[in-house]
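These notes are about the structure you will find just below.
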Amino acid sequence: TDTTLAKAREIKTQRIKESIKETIQKLLSQDIQPTKYKINKRTGISFITINKYYQSILNEVKNEIGA
């Protein structure tokens with residue numbers, strides 16, 4: 001049971017991270033500075049969760065596009 005719960009959490013976390021990443025990419029492609037507020041408004045993900053992953057995902061996206 002414990003491993004099933006852990007796997008479910010891991011899957012949910014990956015989906016949330018992917019959603020944040022996609023939103024950051026969309027904002028950047030529209031020449032809009034991605035802020036935590038804009039990500040919250042577009043995804044509905046809580047600020048607490050966004051704060052956990054925002055900087056690392058933003059860095060990852062910027063590295064991918066070479067910015």
Side-chain angles (χ1 to χ4, degrees):
T1 307
D2 191 47
T3 58
T4 305
L5 194 57
K7 284 181 185 176
R9 271 194 209 112
E10 190 176 311
I11 290 168
K12 185 175 182 182
T13 299
Q14 282 308 114
R15 284 185 186 148
I16 288 170
K17 285 180 174 181
E18 191 60 37
S19 180
I20 292 170
K21 184 175 180 176
E22 287 173 8
T23 305
I24 288 173
Q25 289 170 330
K26 285 178 189 173
L27 290 169
L28 286 172
S29 72
Q30 298 168 359
D31 287 331
I32 299 172
Q33 179 61 36
T35 64
K36 294 174 187 176
Y37 176 79
K38 289 176 186 168
I39 293 168
N40 167 266
K41 285 296 171 199
R42 289 181 180 224
T43 63
I45 297 171
S46 74
F47 281 107
I48 293 169
T49 304
I50 291 170
N51 279 329
K52 278 185 188 177
Y53 306 117
Y54 175 78
Q55 196 58 54
S56 63
I57 294 173
L58 181 62
N59 291 342
E60 180 183 325
V61 170
K62 286 187 174 185
N63 285 337
E64 287 175 3
I65 62 172

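Note that the structure is a prediction, hence the values are computed from the model and not measured.
Hydrophobic clustering of Ile, Leu, Val, Met, Phe, Trp and Tyr side chains at less than 4.5 Å, counting indirect connections, unites Ile65 with Tyr54.
Ser29 places a side-chain N or O within donor-acceptor distance of the main-chain N or O of Lys26, the cut-off being under 3.5 Å. With hydrogens and angles ignored, the 3.5 Å screen pairs a side-chain donor or acceptor of Thr23 with a backbone N or O of Ser19.
For Thr13, there are no side chain to side chain donor-acceptor pair (under 3.5 Å) partners two or more places apart in sequence or in a different chain. Listed by chain and residue number, Ile48, Thr49 satisfy the side chain to side chain contact (heavy atoms under 4.5 Å, CB included) test with Ser46 (two or more places apart in sequence, or in another chain). Judged as a side chain to side chain donor-acceptor pair (under 3.5 Å), and not counting sequence neighbours, the contacts of Gln55 are Asn59. For Glu18, there are no side chain to side chain donor-acceptor pair (under 3.5 Å) partners, not counting sequence neighbours. In this structure Lys17 satisfies the salt bridge (charged side-chain N to carboxylate O under 4.0 Å, His left out) test with no other residue, sequence neighbours excluded.
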Stepwise side-chain contact (heavy atoms from CB on, under 4.5 Å) test for Thr43 and Ile20: CA-CA 8 Å; Thr43 63; Ile20 292 170; 5.5 Å; no
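Taking CD from Gln14 and CD1 from Ile16, the interatomic distance works out to 10.0 Å, rounded to the nearest 0.5 Å. Here CG of Asn63 is found 9.5 Å from CG of Leu58. Values are rounded to the nearest 0.5 Å. Ile24 contributes atom CD1, which lies 9.0 Å from atom CD of Glu60 (distance to the nearest 0.5 angstrom).
Between Leu28 and Val61, the closest heavy-atom pair is CD1-CG1, 3.7 Å.
Within 6.0 Å of CD on Gln30 lie more than 12 heavy atoms contributed by other residues, nucleotides or ligands.
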Could you tabulate the donor-acceptor pairs under 3.5 Å formed by side-chain atoms of residues 31-39, not counting sequence neighbours?
unit_1	atom_1	unit_2	atom_2	d
Thr35	OG1	Lys38	N	3.1
Lys36	NZ	Asn51	OD1	2.8
Lys38	NZ	Gln33	O	3.3

